[in-house]
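For reference, the structure is listed below as C-alpha cells.
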Amino acid sequence: QESRGLGDVYKRQLYMKNITLLFCLFLANILLGACSGGEDEKKEMDEGKGAYALFLKKSITVSTGESQTDVVVEWAKTSWEIILGEGDIVKSVTPTSGGSNTGEKQYTKVRVSCGANSTMKKRTQTIHLFDKTNETTVDLLVEQEPPFKSVTLTVDPSVKYQPVVGFGGMYNPKIWCGDNLISAPQLDKMYGVGGLGYSILRLMIYPNESDWSADVEAAKAAQANGAIIFACPWDCTDALADKITVNGKEMKHLKKENYEAYANHLIRYVTFMKGKGVNLYAISVQNEPDMEFTYWTPSEVVDFVKQYGARIRETGVKLMSPEACGMQPEYTDPIINNAEAFAQTDILAGHLYQGFTDLSSGYVKNRHDYICGVYSRIQGKTWWMTEHLFNDGENSDDSSKWEFLKWQYSLNHLGKEIHMCMEGYCSAYIYWYLKRFYGLMGDTDKRSPTSEGEITKNGYIMAHYAQYATETTRIKVVTNNEEVCATAYLDEKTGEVTIVLLNLNGASQWLEIPLAGIKKASAVETNETKNMEVIDTGLMESAEGITVLLSANSITSVRLTFK
C-alpha cells in the first residue's frame with residue numbers, strides 16, 4: 001500500500017508538470033503572436049509617420065475669361081488624388097493624381113484650366129485634394145468675378161422734382177444759313193413720327209418782317225408733330241436802335257423811348273405766325289441781352305418786362321426772360337427779385353456758354369450751383385436752357401484736333417450737360433443749330449461727321465432724352481457707382497418709368513434695377529458704334545426688377561411698364 005501511494009504521487013506530479021508545460025507553450029504562442037502583430041503594426045506606423053498632402057494656397061482668384069493657372073501640391077509619404085467639386089469654373093486639372101508612400105517632402109505643380117464666366121455673378125468652385133494614406137481631404141477655393149462690374153439703381157417714383165417739357169434745337173435761320181437750310185424730309189427725321197422725338201423748335205425773329213414767312217412751313221410741320229415752337233429776337237431793328245459803348249466796344253442798343261414800338265414788333269410777329277397757322281408757345285424778350293446783338297442792361301430788361309410783358313402775354317404766348325448768355329445772376333436775379341417783372345415772366349431762360357459741367361473749376365462750380373438753385377426760387381415756374389453748342393477744335397486745320405467729331409467728346413459734353421441740367425431742375429434743353437457739323441444733323445461742311453441730312457452722335461444723344469423724358473416728371477434715382485449717371489422720369493398719365501443712363505466708364509457695367517411690379521421692360525443704347533440700338537433686358541433673380549448691360553462709354557435709355 002505504501003509503495004502504491006508513492007506511485008500515485010509521482011503520477012500526479014508528472015501530470016501537473018505536463019499541464020504546466022502545455023500552459024507555458026500556450027502562453028508562449030500567445031506572446032509570440034502578439035510580438036509578431038506588433039512588428040507589422042510598427043511597420044505600418046513607420047510608413048504612415050509624417051505622411052500628408054496639401055495645397056500651398058487655400059484659395060485662388062482666376063480671371064473672368066478663359067485662363068490657366070498653376071497651383072502647388074506639397075506632399076510626403078502618401079499618394080493623392082484631385083477631385084473637382086460642384087461647379088463649372090474648372091474645366092480640367094493636370095495631373096489629377098500623384099505622390100507615393102515613400103520619400104521626403106516634395107512638390108507637384110498642377111495646371112488648372114478655367115472657362116470664362118458668362119454669368120453676371122461672382123462664381124466659386126472647390127477643388128478637393130484626397131490624401132490616400134490618411135484618408136483625409138483638404139480644399140482649394142477657386143473664385144471668379146463676373147465679367148462686368150455690377151451697379152445697383154434705386155428708383156423712387158414717390159419723390160418728384162421738376163416737370164420736363166422737352167428737347168430740341170435751333171432752326172437754321174435764313175439770314176445766317178442761306179446755303180445750309182433744313183429740308184422738309186430732314187426736319188421730319190427729327191420731329192416726325194418715327195423720328196428722333198424732338199419736341200421743341202426755336203426760331204429767330206428776323207428784324208425785317210418781310211423775312212418772317214421763311215420759317216412758317218417748317219414751324220407748321222414741327223407743330224403738326226406735336227412740337228412746341230418758341231421764338232427769340234437777336235436784333236431790335238435799326239429803326240429802333242442807337243449805339244452805345246460797353247467795356248470799350250460799340251454795341252446796338254434799344255432806345256428806351258422805343259420800348260412800346262419794340263413790344264409792338266414782337267406782338268406783330270406773334271400775330272403773323274398765328275395767322276399762318278403757327279401758335280407760338282413762348283417768345284423771348286431778347287436773345288443774350290448781355291451780348292452785342294442788342295445790348296440791354298439788367299435794369300432795362302426788368303423795366304421792359306414790367307411795362308410791356310402783360311401786353312405781349314395777352315396774345316396767348318408765354319414770356320421768356322432774361323435769356324442771358326451765361327444765365328448770369330446779374331441778369332437773372334433782377335427778374336426773380338422784382339415782383340412786377342417776375343409776375344410777367346413765365347419761363348426763366350438762359351444759356352450755358354460760360355461753363356456748367358466742369359466742377360473742378362471753382363468759377364464753374366459756383367455758376368453750376370447758382371443755376372441749379374434757380375428752380376427753388378421761382379415758385380412753380382420753370383427754367384429752360386435755350387442755347388449751347390460744343391465745337392472744340394473746329395478752327396484747326398488739323399482734323400485730328402476736331403474734338404467735336406469724337407464720340408467720347410460728345411458723350412462727356414452734350415450727354416453729361418443734359419444729364420446735369422436735368423439733375424439741376426431744368427425743364428427744357430435746346431441745342432444751337434439743328435443742322436451743322438457740330439450740331440444734331442450733318443451738313444455739307446468738310447468737318448461734318450456724317451453726310452448731309454444724316455443724324456450725328458449729338459443728335460442721337462439728344463434723342464435719348466427726347467424720347468424718354470419729354471412730358472414727364474423727373475423722379476428720384478440713385479446709383480452706387482459715380483461713373484454711371486442716371487436720371488429717371490415718370491409719365492403721370494401712363495405710370496411708365498423711364499431712365500436715361502450715361503456709363504462714363506471705359507468698361508461695361510451690369511446694371512440692376514430692383515423695382516417691384518414691372519410688367520414689361522425695353523432699352524436702347526448708343527455708343528461709338530451703335531445708334532439707339534435695342535438691347536436686351538433681363539429679370540433679376542428675385543424677379544422683382546430687371547437687369548441691363550451697359551456697354552463702355554455709352555448712353556442707354558430704359559422704359560419700364562407696370563400695367
Side-chain angles (χ1 to χ4, degrees), residues 166-204 206 211 213-231 278 386-395 399 402-411 413-415 418 429-468 470 524-534 555 557:
F167 306 83
M170 175 74 187
Y171 187 71
N172 293 32
K174 167 190 172 181
I175 62 174
W176 288 357
C177 304
D179 60 347
N180 192 28
L181 298 178
I182 301 172
S183 69
Q186 290 169 354
L187 190 74
D188 201 49
K189 271 189 180 182
M190 295 179 278
Y191 291 86
V193 176
L196 297 179
Y198 297 174
S199 60
I200 301 178
L201 183 68
R202 185 186 188 215
L203 303 178
M204 176 183 285
Y206 304 128
D211 292 323
S213 61
D215 298 343
V216 168
E217 292 307 313
K220 288 172 66 176
Q223 181 177 267
N225 284 302
I228 285 171
I229 317 297
F230 77 99
V278 178
T386 52
E387 183 186 316
H388 200 191
L389 65 90
F390 298 101
N391 60 344
D392 288 356
E394 71 161 330
N395 294 321
S399 61
W402 295 344
E403 294 298 314
F404 57 86
L405 291 178
K406 301 173 184 177
W407 163 246
Q408 196 78 23
Y409 177 89
S410 295
L411 182 66
H413 285 77
L414 182 59
I418 298 177
Y429 188 101
I430 296 92
Y431 196 73
W432 180 225
Y433 286 145
L434 286 166
K435 181 183 175 182
R436 196 69 176 108
F437 63 89
Y438 53 74
L440 309 178
M441 173 180 281
D443 60 10
T444 58
D445 193 289
K446 67 178 182 179
R447 295 164 291 183
S448 180
T450 67
S451 58
E452 183 189 11
E454 297 303 314
I455 306 304
T456 65
K457 289 296 185 181
N458 277 345
Y460 286 112
I461 288 172
M462 178 74 79
H464 275 271
Y465 288 94
Q467 293 183 26
Y468 287 80
T470 297
V524 295
E525 180 180 70
T526 299
N527 58 24
E528 191 165 15
T529 59
K530 295 179 181 178
N531 293 320
M532 297 198 79
E533 288 189 15
V534 174
I555 178 170
S557 294

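Any value given below was found using the heavy atoms of this structure, including those in side chains, with hydrogens, waters and symmetry copies removed. What you see is a predicted model, and the numbers here were worked out from it, not measured in a lab.
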Validation row: Leu414, His388 side chains within 4.5 angstrom (heavy atoms): no
Of all pairs that satisfy salt bridge (charged side-chain N to carboxylate O under 4.0 Å, His left out), the ones with a partner from residues 449-465, not counting sequence neighbours: Lys189-Glu454, Lys435-Glu452
Presence of salt bridge, Asp445 and Arg436, under 4.0 angstrom: yes
Side-chain heavy atoms of Glu394 within contact of Phe404, under 4.5 Å: yes
Ring pair (Phe, Tyr, Trp, His ring centres under 6.0 Å) involving Tyr409 - partner list, sequence neighbours excluded: His413
Leu196 backbone acceptor or donor facing Gln467 side chain under 3.5 Å: yes
Donor-acceptor contact present, side-chain Glu533 to main-chain Lys530, <3.5 Å: no
Pro173 and Tyr433, any side-chain heavy atoms less than 4.5 Å apart: yes
Test item: Leu201 and Met170 side chains (from C-beta on) under 4.5 Å apart, heavy atoms: no
Thr386 versus Arg202, closest heavy-atom pair with distance: O-NH1, 3.5 Å
Set of ring pair (Phe, Tyr, Trp, His ring centres under 6.0 Å) partners for Tyr191, sequence neighbours left out: Tyr198
Check: Phe390 and Tyr431 side chains under 4.5 Å, non-hydrogen atoms: yes
Results of side-chain contact (heavy atoms from CB on, under 4.5 Å) for Ser199 - residues two or more places apart only: Thr470
Exam field: side chain Thr456 to backbone Gly442, donor-acceptor pair closer than 3.5 Å: no
Check: Met441 and Leu434 side chains under 4.5 Å, non-hydrogen atoms: no
Residue pair Ile455 / Thr450: nearest heavy atoms and the distance that separates them: O-CG2, 3.4 Å
Non-neighbouring partners of Tyr438 that pass ring pair (Phe, Tyr, Trp, His ring centres under 6.0 Å), sequence neighbours left out: none
Short side-chain to backbone donor-acceptor contact, Ser448 and Asp443, under 3.5 Å: yes
Sub-4.5 Å side-chain heavy-atom contact between Lys446 and Phe437: no
Heavy-atom side-chain proximity of Trp402 to Asn391 below 4.5 angstrom: no
Residue pair Thr529 / Asn527, side-chain donor-acceptor N/O under 3.5 Å: yes
What side-chain donor-acceptor pairs closer than 3.5 Å can you find for residues 218-231, not counting sequence neighbours?
unit_1 : atom_1 : unit_2 : atom_2 : d
Gln223 : OE1    : Asn279 : N      : 2.8
Gln223 : NE2    : Gly277 : O      : 2.7
Asn225 : ND2    : Ala221 : O      : 3.1

Exercise: do Tyr206 and Asp215 side chains pair donor with acceptor under 3.5 Å: yes
